[in-house]
Amino acid sequence: MRIALVAHDMKKNDMVALATEFAPLLRQHTLMATGTTGARLQAEAGLNVERLLSGPLGGDLQIGARLSMGEVDAVVFLRDPMTAQPHEPDISALLRACDVHNVPCATNVATARFLLDDLARR
């Protein structure tokens, strides 16, 4: 599967912890991530991740475009609901694309664990 991994600044530590926990599973799949998240996943979780632009520079839109073309099978987007994001329209567009194209999207650690646990059972 092709899995996109995105995390807002205040959720990057959670993403690294989640990815480290599920590293054996994630290594079996093609991973892409926005800029800084991808760099941290490579350095701290030892994952092979295609790094796209950072979210505010268009990374969310890059993932949304790939998703719309059928090139993303699942999204883990750990969002920070307590901090305003300057690129909120891009975030909304990515989440809308997940809904339109029926792509599973986990937006917090609890749903990400459900998604990854289900993937591990397949």
Got a second to check how far L26's CG is from N48's CG, nearest 0.5 Å?
11.5 Å
With a 4.5 Å heavy-atom cut-off, do T107 and L78 have their side chains touching?
no
Within the side chain of H29, is there an N or O that forms a donor-acceptor pair under 3.5 Å with the backbone of M1?
yes
For V72, does its backbone N or O pair with a side-chain atom of R66 as donor and acceptor, under 3.5 Å?
no
Are L53 and Q62 side-chain neighbours, meaning at least one heavy-atom pair lies under 4.5 Å?
yes
Correct closest heavy-atom pair for A97 and G64 would be CB-O, 4.5 Å
Between CG on residue D60 and CG on residue L95, distance to nearest 0.5 Å:
8.5 Å
Between D118 and R122 (salt bridge meaning N to carboxylate O under 4.0 Å), is one present in this structure?
yes
For side chain to side chain contact (heavy atoms under 4.5 Å, CB included), just list the numbers for L18 and R113, CA-CA rounded to whole Å, side-chain angles, deciding distance to a tenth of an Å, and then say yes or no.
CA-CA 8 Å; L18 182 72; R113 280 201 174 98; 3.8 Å; yes
Beyond-backbone contact of Q85 with H8, side-chain heavy atoms, under 4.5 angstrom:
yes
Short side-chain to backbone donor-acceptor contact, E50 and L31, under 3.5 Å
no
Non-hydrogen atoms of A23 and A45 that approach each other most closely
CB-O, 4.4 Å
Tell me if a side-chain donor or acceptor on T83 pairs with a main-chain N or O of D80 at a distance below 3.5 Å.
no
If you measure from CD on E71 to CE on M32, what distance do you get to the nearest 0.5 Å?
7.5 Å
Applying the side chain to side chain contact (heavy atoms under 4.5 Å, CB included) test to T34, which of L57, L5, I63 qualifies?
I63
Give, for atom NZ of K11 and atom OG1 of T37, the distance between the pair rounded to the nearest 0.5 Å.
13.0 Å
Linking I/L/V/M/F/W/Y whenever any side-chain heavy atoms sit under 4.5 Å apart, do M15 and L115 land together?
yes
Is there a side-chain contact between P104 and V75 (heavy atoms, below 4.5 Å)?
no
Any side-chain heavy atom of D73 sitting closer than 4.5 Å to one from I3?
no
Taking the side chain as every heavy atom from C-beta outward, state whether L61 and L94 have any atom pair closer than 4.5 Å.
no
Could you tell me whether N108 atom CG has more than 12 heavy atoms of other residues or ligands within 6.0 Å of it?
yes
Tell me whether L41 shares a hydrophobic cluster with V6, the cluster being built from Ile, Leu, Val, Met, Phe, Trp, Tyr side chains joined at under 4.5 Å.
no
How many angstroms lie between atom CD of E44 and atom NZ of K12, to the nearest 0.5 angstrom?
11.0 Å
Is there a continuous path of hydrophobic side-chain contacts, each under 4.5 Å between heavy atoms, that joins L52 to V76?
no
CG-CZ distance between L116 and F22, expressed to the nearest 0.5 angstrom
5.0 Å
